[in-house]
Structures are given as structure tokens and as C-alpha cells.
Amino acid sequence: MSELLLSVKGVNKRFGGLQALSDVGLEIRRGQIYGLIGPNGAGKTTFFNVITGLYTPDSGSFELEGEAYEPTAVHRVAQAGIARTFQNIRLFGEMTAIENVMVGRHVRTKAGVVGAIFRTGGQRTEEEAIRKRAMELLDYVGIARYADYQARTLSYGDQRRLEIARALATEPRLLALDEPAAGMNATEKLTLRDLLESISGDGVTILLIEHDVKLVMGLCDRVTVLDYGKVIAEGVPAEVQRNPAVIEAYLGAAAAH
Ligand SMILES: Nc1ncnc2c1ncn2[C@@H]1O[C@H](COP(=O)(O)OP(=O)(O)OP(=O)(O)O)[C@@H](O)[C@H]1O
């Protein structure tokens, strides 16, 4: 079995009277595509926000490759090698596609994000190297032809892929994707599936929140299922799919709509 990449234990997060996460934990091994699923409001995004430093948990312990990891600030999370995308796309809409990826790349360099936006003189060589890598990443996710288009003019599916390219620019150990297939048509989902398999094949571990159960079950090595903030199942997709608690949670959620 491959090495443990991320280990999370005992995460609790309360919003006022709502226990959004209750003793949640999971273990992701290096090279896995790991799915985090569950009905609406189960706590999936809250969990992402905790592990990426956006929310402070009430309790919980975190280890990355066996070392204590404190997701206390967004920049620290990036330095630790975790990159993420968001359920609601967060791109710099007025900037071009390639500039969006370059911002991600600058997170990994001493120039910093400010350097990416307000270019100063004397850094031309570094800037060129960053631009070249950004172009490679746009090509990798299949949208190189839109490099000089403003991000906001790209189709929804292409914006999602641009977000992935920007996240990859930080050279993460773990890529956390919050509903990457949301709003995509069947063809776009197939392309996305191929892309995620390539990313995984190239050595980046993936943690995926996704509502498309078929996509998750076909793609993921292991899955954790949340319901009302609690882990109700964990295992390989075929096992989890047959778990009565999981069937019940999804049927209950469908009946409520
Ligand atoms: N900042 C917040 N303040 C108050 N309540 C919140 C906050 N963020 C999330 N919640 C609540 O926590 C619960 C879990 O929400 P979360 O967004 O994590 O669920 P989810 O599983 O990602 O749902 P979905 O699939 O609909 O995106 C929900 O009841 C939500 O309303």
C-alpha cells in the first residue's frame, strides 16, 4: 500500500447551533483519487474549507506525509502543497487565462502574487519561465488556444479547467477539487475524467467532492460519505455503493427535494 499523504482526525466544526462536522476524519494515500461525497449540506465544502485554512475547526488533528500540518492560513496551505478549486468558480475574470495560471505559479516563487500582477523590471527571465510553464499547463488541461482570452469569456467547462491549471501551477502534492464537473455536459465530463486520470497518473493525489455519483464511482480509488456532518461510510466505491446507510442517505435526500 502506498504511503499516507494526508491524515485527518476528529474534526468538529459548529456554526451557531449547527454541528456541520462531527468527528470527521479520513486518510488519503499518495497517488489515490479520493472521493468525498454525500447529499447537499452534508458538510463536504466545510471539510474542504477546514483543511485549506479557510475555516478554523473547533477540534481536529492533521498530518501531511507523517508531519503535523496546521491549516491555519491559506498561504501556509499552499506552501504545504495543497491546492484547491471552489464550487463557485473564483478566477480573476478580467485577466487572461494565462495570467490566471501565472498567479498560481507565482505562489511557488519568491516573486509572490503581487509580483505577478504588478510586474516590476529586472525579473524578465523569471517572468518568461513562469509564462512558459503556465502555457504548458493550459495545454495540459486542453485550453491553450484560449491563453489570451479574458477568463470571464471562457465557457463554464473551460473556466473549470482553467481553475485546475491554476491550482496545478502551485505544484501541489494534493489537489482538492470542489465539484469540478458541476454544470458540465456529458462530453465535458468525459474530458474532465480523462484529465483527472492524467493528473493522477502524473503523480498528483486528488481529493474530489462531486455530486455525479457515476463519475465518482468510476474514477475514485476510495470514497468517504458524509451525511449531516458525520462519516457514514468509507471504502472502495463498489462497497460504499451497496452500503444501506449510504442508500438511505441518498434516498432520504432525494425524497426531501
Ligand atoms: N459559513 C457558514 N455559516 C453558517 N453555516 C454554514 C456555513 N458554511 C456552511 N454552513 C452550513 O453547514 C452545513 C454544511 O454545508 P456544506 O456547504 O459544507 O455542505 P456540502 O456537503 O458541501 O453541501 P453541497 O453539496 O450543497 O455543496 C450546511 O447546513 C450549511 O448551511
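Start at 1 and go down the list; that is how both ligands and their atoms are numbered. For reference, positions follow the sequence shown, starting with 1.
For the atom pair CZ (R84) and CZ (R166), the distance works out to 11.5 Å, reported to the nearest 0.5 Å. For the atom pair D158 CG and Y156 OH, the distance stands at 12.5 Å (nearest 0.5 Å).
Two residues are said to be in side-chain contact when any heavy atoms from C-beta on lie closer than 4.5 Å; Y34 and R222 meet this criterion. Contact check for V236 versus V223: no side-chain heavy atoms found under the 4.5 Å cut-off.
Close contacts between ligand 1 and L18 involve ligand atoms 11 (C), 12 (O), 13 (C), 29 (O) [criterion: under 4.0 Å to a heavy atom]. Close contacts between ligand 1 and A42 involve ligand atoms 19 (O), 20 (P), 21 (O) [criterion: under 4.0 Å to a heavy atom]. Interface atoms of ligand 1 facing A20, defined by a heavy-atom separation under 4.0 Å, are 12 (O). The Q87 neighbourhood of ligand 1 comprises atoms 27 (O), with distances under 4.0 Å to a heavy atom of that residue.
Legend: residues meeting salt bridge (Lys or Arg N to Asp or Glu O under 4.0 Å) with R90, ordered by chain and number and at least two apart, are absent.
Between Y55 and F15, the distance separating the two ring centers is shorter than 6.0 angstrom.
For the pair G41 and ligand 1, the shortest N or O to N or O distance falls below 3.5 Å. When only interatomic distances are considered, the shortest N/O to N/O separation between G43 and ligand 1 falls below 3.5 Å. At under 3.5 Å, not a single nitrogen or oxygen of F47, backbone or side chain, sits near a nitrogen or oxygen of ligand 1.
With T205 as the partner, the side-chain contact (heavy atoms from CB on, under 4.5 Å) test is satisfied by one option alone out of L175, I199, L6, I28: I28.
Across N88, N40, T45, heavy-atom proximity to atom 26 (O) of ligand 1 is greatest for N40. Relative to atom 20 (P) of ligand 1, the option among R14, K44, E210, Q19 with the closest non-hydrogen atom is K44. Scanning D227, T46, V50, I209 for the heavy atom closest to atom 18 (O) of ligand 1 points to T46.
Residue contact annotation: Y55 has a non-hydrogen atom under 4.0 Å from ligand 1.
Counting only heavy atoms of the protein, atom 3 (N) of ligand 1 lies nearest to F15 CD2, 3.5 Å.
Closer than 4.0 Å to atom 31 (O) of ligand 1 lies none of the heavy atoms of the protein.
Within 6.0 Å of the OH atom in Y149, the count of heavy atoms belonging to other residues, nucleotides or ligands does not exceed 12.
In this structure, K13 contributes its side chain and S22 its backbone to no donor-acceptor pair below 3.5 Å.
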